[in-house]
There are 2 protein chains.
Amino acid sequence: MQDQLKLDNFICFAVYTASHALNRVYKPLLDALGLTYPQYLAMVALWEQDGQTVGGLGEKLFLESSTLTPLLKRLESAGYIRRERSSEDERVVVIRLSDEGKRLKEKAIGVPGCIVEASGRDAADLTRLQAEIVALREALNKSVA
Amino acid sequence: MQDQLKLDNFICFAVYTASHALNRVYKPLLDALGLTYPQYLAMVALWEQDGQTVGGLGEKLFLESSTLTPLLKRLESAGYIRRERSSEDERVVVIRLSDEGKRLKEKAIGVPGCIVEASGRDAADLTRLQAEIVALREALNKSVA
DNA sequence: CGAACTTATATCGCGCGATAAATAATCGCA
DNA sequence: TGCGATTATTTATCGCGCGATATAAGTTCG
């Protein structure tokens with residue numbers, strides 16, 4: 001049968017369930033760090049570049065301030081970051097890693113390797129697939145904007 | 001730099017953001033149907049095969065019954081499905097489409113096409129990518145189990 | 001100068017999704 | 001018969017994600 005409305009033919013279903021599957025692999029690793037999945041991504045973004053603004057982070061992570069602000073507050077109360085208003089522009093809030101937040105990077109350094117291993121693929125193959133998925137995301141984002 | 005902890009190198013980040021991007025494309029289409037994204041997937045599974053059990057649906061959708069039960073209750077109170085205990089095995093709850101639920105399929109028939117269009121790819125290309133993502137999901141699920 | 005506009009973030013409200021743990025009902029088998 | 005296994009529900013908790021709106025700070029321009 002060539003039913004258009006067949007679950008297994010849905011790219012959205014593939015992405016949705018792959019996201020869940022990733023989440024389940026990450027869960028125990030991130031529990032050990034005291035982070036949720038989106039929090040982890042925010043921390044990765046900050047490890048990559050400290051001192052980003054809320055807006056800048058949101059742009060990178062594709063999240064609104066209404067999602068990010070409470071998430072960042074949780075990271076702050078966990079002691080991993082500080083939120084400081086910029087002195088040049090008082091509208092802007094700059095996010096800085098605390099010492100503990102910086103130390104957490106060392107504990108997190110092994111996580112990506114675990115994922116690669118769980119995927120059963122080599123890094124190059126994953127990189128290729130990742131690029132394809134990013135291309136899909138970009139096309140979809142363009143169509144909405 | 002070849003930093004392992006770089007956001008753009010994360011397959012998880014690609015999947016996570018692609019999932020959001022898909023959600024944003026779907027949102028207006030599903031709003032018109034009165035469905036959320038996971039509810040839509042459950043309905044697709046039921047259009048594909050009516051009369052599935054909660055457990056069976058959960059297996060297909062990779063969701064626990066504790067996630068599915070409230071979701072299905074919402075679909076029931078929306079009038080799209082009925083939940084009936086099986087007479088053969090009274091532990092089992094069978095989900096059946098209501099007439100309205102069946103009619104909804106006609107309204108939903110155009111949705112996948114919109115997504116293909118938004119992706120800017122042809123169907124064959126999407127199918128190939130979809131298969132790759134499914135393969136990733138299967139590998140990840142295997143590693144957890 | 002100051003009114004009007006823009007930008008950056010925060011707040012509020014909402015619903016949902018996801019999980020864990022406890023409970024209940026039923027089934028099937030030794 | 002009785003007990004472990006199965007199936008689903010319940011309860012409680014937590015966080016995510018968004019839209020709408022508010023607040024406050026900066027900017028522009030008459």
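Note that these values count all heavy atoms, side chains included, but never hydrogens, waters or copies made by symmetry. So you know, we letter chains A, B, ... as the sequences are listed, proteins then strands, and number each from 1.
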> What is the distance, rounded to the nearest whole Å, between atom CD of B/E90 and atom P of D/dT6?
Replying inline: 20 Å
> How close or far is atom C1' of D/dA8 from atom CG of B/L57, stated in whole angstroms?
Replying inline: 13 Å
>> Using the side-chain heavy atoms of B/D89, tell me which of these nucleotides is nearest: D/dA8, C/dT26, D/dG17.
In response: C/dT26
>> Does D/dA8 have OP1 or OP2 under 4.0 Å away from a side-chain N or O of B/R83?
In response: no
> Who are the side-chain hydrogen bond (donor to acceptor under 3.5 Å, both in side chains) partners of B/R24, not counting sequence neighbours?
Replying inline: none
>> I need the CZ-C1' distance between A/R74 and C/dT11, as an integer number of Å.
In response: 14 Å
> B/W47 vs B/Y40 aromatic rings, parallel, tilted or perpendicular, using cut-offs 30° and 60°?
Replying inline: perpendicular
> Rounded to the Å, how far apart are A/L68 CG and D/dC16 C1'?
Replying inline: 11 Å
> With a non-hydrogen cut-off below 4.0 angstrom, is B/F62 in contact with a base, only sugar-phosphate, or nothing?
Replying inline: nothing
>> Taking the nucleotide of DNA chain D with the nearest heavy atom to each, does A/E88 or B/V93 sit closer to the 5' end?
In response: B/V93
> Heavy atoms under 4.0 Å, any strand shown: does A/L63 hit a base, just sugar-phosphate, or nothing?
Replying inline: sugar-phosphate
> Would you say C/dA21 has OP1 or OP2 under 4.0 Å from some side-chain N or O of B/S66?
Replying inline: no
> Is B/C12 close to A/L41 at the side-chain level, that is, under 4.5 Å between some pair of heavy atoms?
Replying inline: yes
> Between D/dG17 atom P and A/Y37 atom OH, what is the distance in whole Å?
Replying inline: 10 Å
> Would one find a side-chain N or O of B/R24 under 4.0 angstrom from OP1 or OP2 of D/dC18?
Replying inline: yes
> Can you check the B/L61 CG to C/dT19 P distance for me, whole Å?
Replying inline: 13 Å
>> Heavy-atom nearest nucleotide on DNA chain D for A/E64 versus B/V54: which residue maps closer to 5'?
In response: B/V54
> Has the side chain of B/R91 got a donor or acceptor atom sitting under 3.5 Å from an opposite partner on the base of D/dT6?
Replying inline: yes
>> Under 4.0 Å from OP1 or OP2 of C/dG15: is there any side-chain N or O of B/Q39 that close?
In response: no
> When the nearest nucleotide of DNA chain C is assigned to B/L71 and to A/T53 on a heavy-atom basis, which residue is associated with the more 5' position?
Replying inline: A/T53
> With a 4.0 Å cut-off on heavy atoms, is A/T67 in touch with a base, just the backbone sugar-phosphate, or nothing at all?
Replying inline: base
>> What is the distance, to the nearest angstrom, from the NZ atom on A/K27 to the P atom on D/dC14?
In response: 13 Å
> Take atom CD in B/E64; do more than 12 heavy atoms of anything else shown fall under 6.0 Å from it?
Replying inline: no
> Rounded to the nearest Å, what distance is computed from the CD1 atom of residue A/I81 to the C1' atom of nucleotide C/dT9?
Replying inline: 14 Å
> Which part of the nucleic acid, if any, lies within reach of A/Y16 when heavy atoms closer than 4.0 Å are counted: base, sugar-phosphate only, or nothing?
Replying inline: sugar-phosphate
>> Of the options C/dA18, C/dT9, D/dC18, whose atoms approach the side-chain atoms of A/R85 most closely?
In response: C/dT9
>> Check A/E138 with A/K142, please: is the shortest side-chain N to carboxylate O separation under 4.0 Å?
In response: no
>> Please determine whether a side-chain nitrogen or oxygen atom of B/K73 lies at a distance below 4.0 Å from atom OP1 or OP2 of D/dT10.
In response: yes
> Are A/I11 and A/V134 linked, directly or through other ILVMFWY residues, by side chains that come within less than 4.5 angstrom of each other?
Replying inline: no
> Below 3.5 Å, does any donor atom in the side chain of B/T69 face an acceptor in the base of D/dA8, or the other way round?
Replying inline: no
